[in-house]
Amino acid sequence: RKYPEYFRKVDFLRIDSSELEPVQIEYIYSYMTGAVINVLSTWIATGREDSPRELADIVLDIMHGKYFYDVVPLQNPEEK
């Protein structure tokens with residue numbers, strides 16, 4: 001498969017499914033890189049004292065689903 005140039009910047013992601021279409025892979029990479037950029041922006045903007053390693057561990061935990069069931073979107077927003 002041929003990936004856009006910016007995919008090389010996020011080589012920590014591995015796509016395990018051969019059933020995904022190239023556009024689906026592009027959206028997955030876009031989603032993941034956007035999420036990482038937002039976490040970094042929050043870390044910088046808030047002046048948190050977590051080390052870069054601690055921040056990387058949190059991001060990897062999120063990506064591996066550690067908090068998946070702790071933060072689940074409501075099926076019906078009126079359920080609050």
Side-chain angles (χ1 to χ4, degrees):
R1 295 181 184 182
K2 184 174 179 176
Y3 300 113
E5 182 65 32
Y6 69 87
F7 285 7
R8 293 190 184 122
K9 306 282 188 226
V10 290
D11 61 358
F12 59 87
L13 296 176
R14 184 185 72 231
I15 303 297
D16 285 335
S17 174
S18 60
E19 297 177 18
L20 294 173
E21 297 293 325
V23 69
Q24 292 171 310
I25 293 169
E26 185 171 0
Y27 288 146
I28 291 167
Y29 275 110
S30 296
Y31 178 85
M32 298 306 289
T33 56
V36 170
I37 288 168
N38 279 315
V39 170
L40 287 172
S41 296
T42 300
W43 181 59
I44 292 167
T46 59
R48 298 247 164 74
E49 295 185 12
D50 303 309
S51 72
R53 178 75 253 172
E54 290 171 316
L55 186 64
D57 288 341
I58 290 168
V59 168
L60 289 172
D61 284 345
I62 292 167
M63 291 175 65
H64 290 133
K66 182 175 181 179
Y67 307 109
F68 182 78
Y69 290 104
D70 294 331
V71 183
V72 179
L74 296 172
Q75 295 297 319
N76 180 357
E78 282 120 31
E79 289 179 5
K80 293 181 183 179

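Keep in mind that what you see is a predicted model, and the values were worked out from it rather than measured. Below, all heavy atoms of this structure are taken into account, side chains as well, without hydrogens, waters or symmetry copies.
I28 and I62 are not part of a single hydrophobic cluster, where members link through side-chain heavy atoms under 4.5 Å apart. Residues Y29 and V59 share a hydrophobic cluster, clusters being chains of Ile/Leu/Val/Met/Phe/Trp/Tyr side chains in contact below 4.5 Å.
Residue pairs meeting the salt bridge (charged side-chain N to carboxylate O under 4.0 Å, His left out) criterion with at least one partner in residues 34-46, sequence neighbours excluded, do not occur; the list is empty. Residue pairs meeting the salt bridge (charged side-chain N to carboxylate O under 4.0 Å, His left out) criterion with at least one partner in residues 28-45, sequence neighbours excluded, are absent. Residue pairs satisfying the side chain to side chain donor-acceptor pair (under 3.5 Å) criterion with at least one member in residues 64-74, sequence neighbours excluded, are absent.
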For residues 36-45, tabulate all N or O donor-acceptor pairs below 3.5 Å that involve a side-chain atom, not counting sequence neighbours.
from: N38; atom 1: ND2; to: G34; atom 2: O; distance (Å): 3.1
from: S41; atom 1: OG; to: I37; atom 2: O; distance (Å): 3.0
from: T42; atom 1: OG1; to: N38; atom 2: O; distance (Å): 3.0
from: W43; atom 1: NE1; to: D50; atom 2: O; distance (Å): 3.1

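Closest non-hydrogen pair, E49 versus E54, comes out as O-OE1, 4.3 Å.
Take D61 and apply the side-chain hydrogen bond (donor to acceptor under 3.5 Å, both in side chains) test, not counting sequence neighbours, and it matches no residue.
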